[in-house]
Amino acid sequence: MAETIFSKIIRKEIPVDIVYETETVLAFRDINPQAPVHVLIIPKVEIPKITDLDGKTHGQLLGELFDAANKIANDLGIAEDGFRLVFNCGSNGGQDVFHLHMHLLGGRKMTWPPG
Ligand code: AMP
């Protein structure tokens, strides 16, 4: 699959507001925030979507995405009140960018069911 805008963000060719970075993971503020805190947490390796994952190959990396979410939630002061993590997958899931990403949303009360 062709690379996405997130590859350019990883290579720092497009500026974003980075809140967390390791060798394997990058997290930055969403350009179109849906909550007071809306951060995208992505692996630096190109994985298009959830259905391209398997636990044996990607277990470590998935753990790092969740570690990043916890650290960012703490750093941005939303851990105690709670937050929502979302992976959209495919067209029915509402995925627009085909580079795996976790949405971290917080700073307001979330509603359920999601739209
Ligand atoms: P999804 O709809 O789950 O694929 O989410 C893609 C997200 O990427 C959307 O929430 C967009 O607002 C966000 N996005 C797209 N381009 C950028 C960008 N250049 N910087 C930050 N966020 C972006």
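Just follow the structure's listing: the first ligand is 1, and inside any ligand the first atom is 1.
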Legend entry - Nitrogen or oxygen of V97 less than 3.5 angstrom from that of ligand 1: yes

Legend entry - N/O separation below 3.5 Å, F28 to ligand 1: no

Inset, instruction - Heavy atoms only: give me the nearest E46-S7 pair and the separation to one decimal. - result: OE2-OG, 3.0 Å

Legend entry - Nitrogen or oxygen atoms of H38 and ligand 1 under 3.5 Å apart: no

Inset, instruction - Any atoms of ligand 1 less than 4.0 Å from a non-hydrogen atom of H103? List them with their elements. - result: 1 (P), 3 (O), 5 (O), 10 (O)

Inset, instruction - Classify the contact between L40 and ligand 1 as side chain, backbone, both or neither, using a heavy-atom distance cut-off of under 4.0 Å. - result: side chain

Inset, instruction - Kindly determine whether E21 and K44 satisfy side-chain contact (heavy atoms from CB on, under 4.5 Å), including the steps that lead there. - result: CA-CA 10 Å; E21 182 168 16; K44 289 187 175 176; 2.8 Å; yes

Legend entry - Residue Q95 vicinity, atoms of ligand 1 by number, heavy atom under 4.0 Å: 4 (O)

Legend entry - Non-hydrogen atom of F6 closer than 4.0 Å to ligand 1: yes

Inset, instruction - Under 4.0 Å from a heavy atom of D96: give me the atoms of ligand 1 that qualify, with their elements. - result: 1 (P), 2 (O), 4 (O)

Inset, instruction - Using distance alone, with no hydrogens and no angle criterion, decide if E64 and T22 have a side-chain donor and acceptor under 3.5 Å apart. - result: no

Legend entry - Residue of the set N74, D67, D75 for which side-chain hydrogen bond (donor to acceptor under 3.5 Å, both in side chains) holds with K71: D75

Inset, instruction - Between V39, D17, T4, I31, flag the one that comes closest to atom 16 (N) of ligand 1 by a heavy atom. - result: I31

Inset, instruction - Between D30 and ligand 1, find which residue part has any heavy-atom pair under 4.0 Å and reply side chain, backbone, both or neither. - result: both

Legend entry - Distance filter under 4.0 Å to N32 heavy atoms, resulting ligand 1 atoms: 12 (O)

Inset, instruction - Determine whether any heavy atom of H101 lies closer than 4.0 Å to an atom of ligand 1. - result: yes

